[in-house]
Chemist: 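The structure follows.
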Amino acid sequence: MDELIAIAEQVAQRLVARKQTIAVAESSAGGLVAAALLAVPGASAYFLGGAVVYTRDARRVLMDIPDEAMKGIRSASEHYAELLARQIRTRFATDWGLSETGAAGPTGNRYGDAAGHACCAVAGPATAVVTLESGRSDRFANMQLFARSALELLLTKLDQ
């Protein structure tokens with residue numbers, strides 16, 4: 001967790017300096033992204049909220065994304081990660097939205113993605129999406145990797 005907090009400290013420094021805010025929607029990372037951001041003292045200056053969107057019900061209730069809006073989009077995809085990042089940004093009226101969706105393991109998901117597959121996205125003044133494959137079945141190691149990848153993606157956009 002120390003590595004995640006170290007990256008979150010860099011993110012926090014940039015957000016505070018710019019007087020910008022963020023909200024997070026994560027799935028397979030299970031709240032680790034939000035936990036890292038909130039572990040930095042003064043998080044209330046930039047962190048407005050987040051959601052662990054782990055199920056279809058969570059997507060509908062927490063994100064207000066109906067099933068109809070998911071036509072042609074599947075979870076654990078770049079399209080879905082982008083949708084989550086845009087939607088969390090809109091719902092919280094933040095400068096930045098950050099999302100993660102994937103298959104932590106120890107097995108893959110019902111869409112055919114192997115354990116260790118994840119997509120992360122940033123929506124805001126700059127946008128980006130990335131897909132990663134760890135090739136590992138270690139659930140918690142993958143969760144940490146997904147969270148780190150999401151925070152690093154955000155950091156690269158904040159540094160542009």
Side-chain angles (χ1 to χ4, degrees), residues 1-55 57-65 69 73 75-105 116-134 136 138-160:
M1 195 65 185
D2 290 342
E3 182 182 6
L4 292 177
I5 294 169
I7 300 166
E9 287 172 340
Q10 295 175 60
V11 167
Q13 179 184 49
R14 285 155 178 83
L15 290 172
V16 169
R18 295 175 179 190
K19 296 182 170 85
Q20 293 180 331
T21 57
I22 188 165
V24 176
E26 51 193 305
S27 176
S28 298
L32 291 176
V33 176
L37 290 168
L38 289 169
V40 179
S44 60
Y46 59 87
F47 187 86
L48 295 191
V52 176
V53 186
Y54 197 70
T55 65
D57 287 341
R59 184 193 74 229
R60 287 190 294 244
V61 174
L62 300 174
M63 300 299 293
D64 193 30
I65 300 173
I73 300 174
S75 296
S77 69
E78 288 189 356
H79 260 33
Y80 185 56
E82 290 171 328
L83 176 61
L84 286 176
R86 286 192 314 267
Q87 189 72 354
I88 199 76
R89 179 182 184 218
T90 299
R91 289 185 67 75
F92 280 88
T94 58
D95 298 291
W96 296 92
L98 179 62
S99 73
E100 169 278 328
T101 178
H117 166 88
C119 299
C120 303
V122 172
T127 60
V129 63
V130 65
T131 297
L132 58 131
E133 304 282 347
S134 75
R136 300 186 316 207
D138 183 320
R139 186 175 183 83
F140 191 64
N142 283 331
M143 292 171 70
Q144 291 177 307
L145 173 64
F146 299 169
R148 187 180 82 232
S149 297
L151 288 167
E152 287 174 343
L153 180 64
L154 175 62
L155 192 56
T156 63
K157 293 297 135 187
L158 288 168
D159 283 343
Q160 288 183 340

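Just the heavy atoms: all of them, side chains too, but no hydrogens, waters or symmetry mates, feed the values below.
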Chemist: Can you give the donor-acceptor pairs under 3.5 Å from side chains of residues 28-52 to other protein atoms, not counting sequence neighbours?
Modeler:
unit_1, atom_1, unit_2, atom_2, d
Ser28, OG, Gly102, N, 3.4
Ser28, OG, Gly102, O, 2.5
Tyr46, OH, Leu37, O, 2.7

Chemist: Nearest 0.5 angstrom please: Met63 CE to Leu83 CG, how far?
Modeler: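 Those atoms lie 7.0 Å apart.
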
Chemist: Taking side-chain hydrogen bond (donor to acceptor under 3.5 Å, both in side chains) as the definition, give me every residue that meets it alongside Glu9, ordered by chain and number, with sequence neighbours left out.
Modeler: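 side-chain hydrogen bond (donor to acceptor under 3.5 Å, both in side chains) list for Glu9, sorted by chain: empty.
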
Chemist: Considering all heavy atoms of both residues, which atom of Ala126 and which atom of Gln160 are nearest to each other, and what is their separation?
Modeler: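 Shortest heavy-atom separation between Ala126 and Gln160 comes out as CB-OE1, 4.3 Å.
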
Chemist: Look only at the side chain of Glu100 and the backbone of Ser27, and say whether a donor-acceptor pair between them is shorter than 3.5 Å.
Modeler: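 Here the side-chain-to-backbone pair exists.
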
Chemist: Looking only at heavy atoms, what is the nearest atom pair of Lys157 and Val122, with distance?
Modeler: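 Minimum heavy-atom contact is CG-CG1, 4.3 Å.
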
Chemist: As an exercise, state the distance from CD of Glu26 to CE of Met143, rounded to the nearest 0.5 Å.
Modeler: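 Glu26 CD to Met143 CE: 8.5 Å, rounded to 0.5 Å.
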
Chemist: By side-chain hydrogen bond (donor to acceptor under 3.5 Å, both in side chains), which residues pair with Arg139, not counting sequence neighbours?
Modeler: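 side-chain hydrogen bond (donor to acceptor under 3.5 Å, both in side chains) check on Arg139 returns Tyr54.
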
Chemist: Below 4.5 Å, heavy atoms only, C-beta onward: do Leu153 and Ser149 meet side chain to side chain?
Modeler: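 No, every pair of side-chain atoms sits at 4.5 Å or beyond.
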
Chemist: In Å and rounded to the nearest 0.5 Å, what is the CD1 to CD distance from Ile7 to Glu152?
Modeler: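 So the CD1 of Ile7 and the CD of Glu152 are separated by 4.0 Å.
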
Chemist: Can you find a heavy atom in the side chain of Leu84 that is under 4.5 Å from one in the side chain of Ile65?
Modeler: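 Leu84 vs Ile65: side chains touch.
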
Chemist: If you define the side chain from C-beta out and look only at heavy atoms, does anything of Arg91 sit under 4.5 Å from Leu62?
Modeler: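 They are not in contact (no side-chain heavy atoms under 4.5 Å apart), so the answer is no.
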
Chemist: Is Tyr80 close to Val53 at the side-chain level, that is, under 4.5 Å between some pair of heavy atoms?
Modeler: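 Val53 vs Tyr80: side chains touch.
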
Chemist: Does any N or O in the side chain of Arg89 come within less than 3.5 Å of the main-chain N or O of Asp95, such that one atom is a donor and the other an acceptor?
Modeler: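 Indeed, once roles are kept as given, a pair shorter than 3.5 Å links the two residues.
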
Chemist: Please list, chain by chain and in numerical order, all residues satisfying side chain to side chain contact (heavy atoms under 4.5 Å, CB included) with Ala23, sequence neighbours excluded.
Modeler: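 Result, side chain to side chain contact (heavy atoms under 4.5 Å, CB included) vs Ala23: Ile88, Phe92, Thr94.
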
Chemist: Nearest heavy-atom pair of Ser75 and Thr101: which atoms, and what distance?
Modeler: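 Heavy atoms only, the tightest pair is C-OG1, 4.2 Å.
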
Chemist: Quick one: list whatever passes side-chain hydrogen bond (donor to acceptor under 3.5 Å, both in side chains) with Asp2, sequence neighbours left out.
Modeler: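 Asp2 satisfies side-chain hydrogen bond (donor to acceptor under 3.5 Å, both in side chains) with no residue once adjacent residues are dropped.
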
Chemist: Side-chain contact, heavy-atom cut-off 4.5 Å: Leu158 with Arg18?
Modeler: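 Yes, close enough: below the 4.5 Å cut-off.
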
Chemist: If every non-hydrogen atom of Arg136 is compared with every non-hydrogen atom of Ala141, which pair is closest and at what distance?
Modeler: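 Looking at all heavy atoms of both residues, the shortest contact is NH2-CB, 3.3 Å.
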
Chemist: What is the minimum heavy-atom distance between Ala81 and Ser99, and which atoms define it?
Modeler: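 Taking every non-hydrogen atom into account, O-OG, 2.5 Å.
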
Chemist: How would you list, by chain and number, every residue that makes a salt bridge (charged side-chain N to carboxylate O under 4.0 Å, His left out) with Glu78, sequence neighbours excluded?
Modeler: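 Listed in chain order: nothing, the list is empty.
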
Chemist: So which atom in Leu4 and which in Leu151 form the shortest heavy-atom distance, rounded to 0.1 Å?
Modeler: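 Scanning both residues, the minimum pair turns out to be O-CD1, 3.9 Å.
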
